[in-house]
Enquirer: 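Submitted below is the structure of interest, expressed as structure tokens.
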Amino acid sequence: MTSSEYVACFYCSEYAKVATDYPQNFASQDKDTFTPRCFLHWKFECHKCGKETHFNGIAWCSDCEVFTCLRCAEEKMVRKEFLIYDYYYNIPCHKCNSPNPALDFAEYYGKHPFQIGDLIPKEDIVIWMPIYKEDLESQEFPHKSWGSERILDIGNAHRHTRLDSSDEYNPESVWDKMAENWISPETEGEYHHTTIILPEVYRLLEAQKDEKILDVACGEGTVARYLAKIGVKVTGIDISKMIERAIGRENEDKLGISYVKMAAEDLSKEFEKESFDKVVCNMALMDIEDYKTTIKKISYVLKKDGTFVFSITHPAFAWPTTTSMRVPPDSQRNEDKRKIALNYFDERPTLIQFGWDTPSLAFTRPVSKYVNELVKNNLEILEMSEPEASKEIVEKYPRQAYLDNDTLPDFLMIKAKKK
Ligand SMILES: [Zn+2]
Ligand SMILES: [Zn+2]
Ligand SMILES: [Zn+2]
């Protein structure tokens, strides 16, 4: 990109998506970045500290004819939906102390110094006069995560949709539809499962011959079959039709596993109190909406001193809290990949589109929620694990592991003992 080329101002183009009469100025600043800016949407010099400040962090006082930046005054956040924002800063003038809105809102309100003629722009720009304010108020307001969305748009991140409840998407039906995608001969050979997750789950579980182990949300039976092969008496339960595949495999090659198609929340209806030595729940608790009842029921069926091992996608570093993107989007090199953290505290169900027809449904929640639920149900944490890709794994699977699982954990495992 050469500096003689005309580049649209990022802010002008974003504002025009909401205010259709918004003029489009060419960028004269930051032309080679993702956010080229016109002179109106550039920086202004604070008359107190002399610092050049982004237009959204500096306010003009028409009475004193001075700029004050938010470093030089105690700004107040005013919640107000306008243009592409849902708040602006009110910044007290450093001379007279009267509050003035930062230039983003000032422009929207028609009080920008260029609009009222207090200042004449040094560069040739078209000034917007917001006369259709009433219409603008009724525009659909962009989501608060606009900032993250904009960053995600640069790359090719998976799309997330937060639902206000799971009513729209019944987890059982989603998993049934997804079963075809997950159930494939390659599933067991998948890098994350074979390399990062399963070895760690098996290490934590320390399964012994003749132990009675319950596999909660057993899916197609990968863990159950592994355990049965070392002599464990395994019971697998799952609500989705993936269990049909597990049953099919058991019928083809009998290992003595008993499978029950049922919800994890109903464990106490099917099994006696303290009837299992161990319970394992591999990569499923984050897909279970009522994790509280599930943990309670797991504790119920577990013997005293029995252990419960579960693995989940890492609540802080894996989707849907965090998504990864690449810039440029088609780059295959991991140094071009970055993780973007979204809202860690948002516990609404999330639909994630992986590019298949059927989205995945996840119930994300902070780590503390799991830990506190264990504590509440008499389960004492013995070990917590955030597996990191070893040098050997990085050597063997560089495209998956390098600057990825050797940098941030995608998974979290907890081993707890019933007291
Ligand atoms: Zn602009
Ligand atoms: Zn200042
Ligand atoms: Zn003033």
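Both counts, for ligands and for their atoms, begin at 1 and track the order of listing. Quick note: residue numbers are just sequence positions, from 1.
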Enquirer: Quick one: the SG of Cys96, the Zn ion (ligand 3), SG of Cys61 angle, rounded to 10°, please.
Expert: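 Vertex the Zn ion (ligand 3), arms to SG of Cys96 and SG of Cys61: 110°.
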Enquirer: Between the side chains of Lys369 and Glu347, is the shortest nitrogen-to-carboxylate-oxygen separation below 4.0 Å, so that they form an ion pair?
Expert: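 So Glu347 pairs with Lys369 through a salt bridge.
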Enquirer: Give a yes or no answer on whether the side chain of Asn25 reaches the backbone of Cys38 with a donor-acceptor pair at less than 3.5 Å.
Expert: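 No, the answer is negative, given that no donor and acceptor are paired below the 3.5 Å cut-off.
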Enquirer: Can the ring centroids of Phe271 and Phe276 be said to lie less than 6.0 angstrom from one another?
Expert: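 Yes.
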Enquirer: Salt bridge check, Asp266 against Lys297: does any charged N sit closer than 4.0 Å to a carboxylate O?
Expert: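 Salt bridge: no.
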Enquirer: To 10°, measure the SG(Cys93)-the Zn ion (ligand 3)-SG(Cys64) angle for me.
Expert: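 Vertex the Zn ion (ligand 3), arms to SG of Cys93 and SG of Cys64: 110°.
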Enquirer: Count up the protein N, O or S atoms sitting under 2.8 Å from the Zn ion (ligand 2), would you?
Expert: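 Under the 2.8 Å cut-off, the count stands at 4.
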Enquirer: Do the ring centers of Phe55 and Tyr11 come within less than 6.0 Å of each other?
Expert: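 Yes, ring centres under 6.0 Å apart.
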Enquirer: What N/O/S atom of His41 is the closest to the Zn ion (ligand 1)?
Expert: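 Of all N, O or S atoms belonging to His41, ND1 is the one nearest the Zn ion (ligand 1).
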Enquirer: Hey, do the aromatic rings of His41 and Tyr15 have their centres closer than 6.0 Å?
Expert: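 Judged by ring-centre distance (under 6.0 Å), His41 and Tyr15 do meet the cut-off.
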Enquirer: Mind running side chain to side chain contact (heavy atoms under 4.5 Å, CB included) on Ser62 and Ile116 for me, showing each step along the way?
Expert: CA-CA 9 Å; Ser62 201; Ile116 55 178; 3.7 Å; yes
